[in-house]
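Below is one structure, written out as structure tokens; comments come after it.
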2 protein chains.
Amino acid sequence: MKALVLPAFERPEGMTTHDYAFARLRQAIMVGAFRPGTSVTIRGLAEALESSPTPVREALRQLTSIGALHFLENRRIVVPRITPARFEELISLRIVLESHAARRAVAHLSERQIDHIVAIDEAIEASILAGEKAAALIANQQFHRQIYTANPDQIAMPLIESVWLQLGPILGIAMEHVAELYVVDRHREAIDALRRRDEDAVAEAIGADIREGIGGFDQQAIAKLLSLAG
Amino acid sequence: MKALVLPAFERPEGMTTHDYAFARLRQAIMVGAFRPGTSVTIRGLAEALESSPTPVREALRQLTSIGALHFLENRRIVVPRITPARFEELISLRIVLESHAARRAVAHLSERQIDHIVAIDEAIEASILAGEKAAALIANQQFHRQIYTANPDQIAMPLIESVWLQLGPILGIAMEHVAELYVVDRHREAIDALRRRDEDAVAEAIGADIREGIGGFDQQAIAKLLSLAG
DNA sequence: TTTCTGAAAATGTGATCACAATATAAGAAT
DNA sequence: ATTCTTATATTGTGATCACATTTTCAGAAA
């Protein structure tokens with residue numbers, strides 16, 4: 001049994017053991033630290049997190065509720081495998097959910113908030129130029145999240161993050177097999193549309209961003225990646 | 001402390017205590033057995049379910065992950081309150097998610113499956129005529145679920161059910177304050193479109209069904225309901 | 001070499017308990 | 001009558017342990 005290695009995570013003071021376990025595992029999955037098909041154990045994670053089974057099991061249960069993990073019939077806990085069809089389904093869901101969320105956020109974004117989003121976009125490009133894949137990934141998620149959560153009554157964010165989590169494992173594989181990140185995003189276009197308060201254009205830009213970004217991998221490339229992950 | 005009363009639920013043999021607790025609580029919330037703002041306790045539910053805190057807490061954690069419950073800062077567990085804006089947000093999400101899921105299911109539905117869906121629709125009407133509100137509600141959900149899950153690679157169902165769960169509590173209130181259910185559904189239209197394999201028409205019918213069904217309550221009616229639920 | 005068998009190890013499950021934080025309610029002070 | 005204080009009860013948290021199931025693997029049989 002090799003020891004588990006989880007991405008670093010600072011534990012805020014006062015955070016419960018359960019919340020810590022959940023946040024850390026969630027983040028690990030989100031950035032692709034686990035490969036599809038990997039199986040995890042409660043005790044193993046409890047040891048890695050220096051705690052006990054109870055809070056870890058609660059965290060794992062939550063992660064299964066949002067599709068990040070699967071409890072099999074034999075009660076084994078695994079990172080879900082991804083088929084090409086499932087991948088395509090996830091991408092189309094991202095497009096539908098996120099263009100909707102973006103559209104409904106437009107009216108709530110202040111100029112100051114848009115400035116902040118611009119700053120995040122610049123951070124993304126900086127990370128890419130520096131070759132820091134994980135940082136670029138996190139910043140890209142932050143870019144999207146910042147837009148959608150501007151709507152104070154917004155409900156979609158947890159659902160969107162559920163989809164992100166389900167895409168996480170394949171993201172990790174993709175990052176390993178892509179020599180350098182090539183920037184193909186529509187962020188500039190989305191920002192311009194935000195400034196014009198053009199809801200249709202914002203929704204369109206976000207949809208295209210997703211379609212041409214990770215969704216741009218064609219079926220063949222995905223199949224190849226998935227076979228490598230077997 | 002008044003004893004909790006949960007809707008009946010038959011426990012399949014071999015089902016773990018945790019799964020039983022989760023399924024039963026989930027169903028209770030889904031059909032509106034809990035009012036918005038209600039607070040629940042781990043020990044109270046453990047007693048009602050004749051088990052212990054551990055599996056119940058796991059079930060509650062899962063339910064919060066899908067938006068059915070909220071853990072407050074003080075660590076109290078409550079059924080989320082619903083504002084008119086949040087309600088409108090939930091309905092628009094339902095429309096987006098479900099018309100998308102319906103569209104992507106069309107190609108997978110066999111004639112036999114469509115026949116089954118017709119049978120469910122007839123059961124809905126029978127329940128309405130018999131005045132059995134809860135049964136009509138369950139059957140209506142079954143109608144929608146049956147369509148969406150025809151797509152074997154479908155990912156959206158858990159997200160859709162998350163939205164249903166968040167609408168559950170207000171459903172319970174609505175059922176109490178509506179003397180008789182008036183049938184305003186587009187099921188027949190959806191079924192015809194399914195037979196024609198007309199994806200656009202199916203998506204449109206499902207969207208209209210949601211919009212004119214529960215979504216049809218205008219803001220004023222919702223505000224009244226929500227004030228009663230204070 | 002392959003397959004079968006059984007013992008040992010690993011694993012998920014759930015009840016219990018001690019502890020800390022929070023809420024509740026009774027009584028005192030203003 | 002209202003507000004503040006304090007003691008009691010309630011509640012969430014997390015570690016631990018016993019149990020049942022599953023997995024793993026060494027050794028025997030074919």
Side-chain angles (χ1 to χ4, degrees), chain A residues 1-4 6 9 11-26 29 34 37-81, chain B residues 1-4 6 9 11-26 28-29 34 37-81 230:
Chain A
M1 168 68 77
K2 70 167 192 288
L4 273 166
L6 294 170
F9 196 103
R11 177 171 182 171
E13 187 180 359
M15 183 180 234
T16 64
T17 303
H18 155 265
D19 277 330
Y20 174 66
F22 177 72
R24 192 155 174 196
L25 291 173
R26 183 190 133 98
I29 296 171
F34 292 107
T38 304
S39 69
V40 298
T41 64
I42 296 173
R43 285 177 172 87
L45 290 174
E47 190 177 351
L49 295 167
E50 296 178 315
S51 67
S52 67
T54 309
V56 169
R57 195 162 71 215
E58 289 169 21
L60 294 179
R61 285 254 142 80
Q62 287 193 82
L63 288 166
T64 63
S65 271
I66 54 184
L69 294 174
H70 272 23
F71 270 68
L72 302 180
E73 312 357 328
N74 26 348
R75 298 181 169 174
R76 271 286 148 79
I77 307 159
V78 299
V79 179
R81 293 183 185 280
Chain B
M1 170 67 74
K2 68 166 192 291
L4 273 166
L6 294 171
F9 195 104
R11 177 171 182 171
E13 188 180 358
M15 183 180 234
T16 65
T17 303
H18 155 264
D19 276 330
Y20 173 65
F22 177 72
R24 193 155 175 196
L25 291 173
R26 184 190 131 99
I29 295 171
F34 292 107
T38 304
S39 70
V40 299
T41 65
I42 296 172
R43 285 177 172 86
L45 290 173
E47 191 177 350
L49 295 167
E50 295 176 318
S51 68
S52 68
T54 307
V56 170
R57 194 162 71 213
E58 288 169 20
L60 294 179
R61 284 257 142 78
Q62 289 194 82
L63 289 166
T64 64
S65 271
I66 54 183
L69 293 175
H70 271 25
F71 271 67
L72 303 180
E73 294 66 4
N74 28 344
R75 298 180 171 177
R76 270 286 148 76
I77 307 157
V78 298
V79 179
R81 295 183 184 282

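Numbers restart at 1 for each chain; the letters A, B, ... are given by sequence-line order, proteins then strands.
Between the CE atom of A/Met15 and the C1' atom of D/dG14 there is a distance of 16 Å, rounded to whole Å. Note: CG (A/Asp19) to P (C/dA21) measures 16 Å, nearest angstrom. One interatomic measurement links the two molecules: CZ of A/Phe71 to C1' of D/dT21, which rounds to 15 Å at whole-angstrom precision. The distance between atom CG of B/Leu60 and atom C1' of D/dT11, rounded to the nearest whole Å, is 13 Å. For the pair B/Leu72 CG and D/dG12 C1', the computed distance is 13 Å after rounding to whole Å. The distance from atom CG of B/Leu45 to atom P of D/dT11 is 11 Å, rounded to the nearest whole Å. If you measure from atom CD of A/Glu47 to atom C1' of D/dT16, you get 16 Å, rounded to the nearest angstrom. Distance, B/Glu58 CD to D/dT13 C1': 13 Å, rounded to whole Å.
Closest to the A/Thr16 side chain, of the nucleotides D/dG14, C/dG14, C/dT11, is D/dG14. Of the candidate nucleotides D/dG14, D/dT16, C/dT13, D/dT16 has the atom lying nearest to any side-chain atom of A/Pro53.
Among residues two or more places apart in sequence or in another chain, the side chain to side chain donor-acceptor pair (under 3.5 Å) test is passed with A/Arg11 by A/Thr17.
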Report task. Please report the C-alpha distance between A/Ile42 and A/Ile77 in whole Å, then the side-chain angles of each, then the deciding distance to 0.1 Å, and finally whether the side-chain contact (heavy atoms from CB on, under 4.5 Å) criterion is met. Result -> CA-CA 8 Å; A/Ile42 296 173; A/Ile77 307 159; 3.9 Å; yes
Write out a two-atom table: protein N or O, nucleotide N or O from nucleotides 22-24 of chain D, distance below 3.5 Å.
residue: D/dT23; atom: OP1; partner: A/Asn74; partner atom: ND2; Å: 3.0

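Counting heavy atoms from C-beta outward, A/Leu60 and A/Leu69 have side chains that approach closer than 4.5 Å. Residues A/Val56 and A/Ser51 are in side-chain contact: their nearest non-hydrogen atoms beyond the backbone lie under 4.5 Å apart.
A donor and an acceptor atom never sit less than 3.5 Å apart when one is taken from the side chain of A/Arg57 and the other from the base of D/dG14.
A distance of 9.0 Å separates CZ in A/Arg26 from OG in B/Ser65, rounded to the nearest 0.5 Å.
Contact between the side-chain N/O atoms of B/Ser52 and the OP1/OP2 oxygens of C/dA15 is found at a separation under 4.0 Å. A sub-4.0 Å separation between OP1 or OP2 of C/dT13 and a side-chain N or O of A/Arg43 is absent.
Comparing A/Thr54 and B/Ile42 along DNA chain D, the residue whose closest nucleotide (by nearest heavy atom) sits nearer the 5' end is B/Ile42.
Stacking of A/Arg61 on the aromatic ring of A/Phe71 is recorded, both the 6.0 Å distance cut-off and the 45° axial limit being met.
Here the closest non-hydrogen pair linking A/Gln62 and A/Phe22 is CB-CE1, 3.6 Å.
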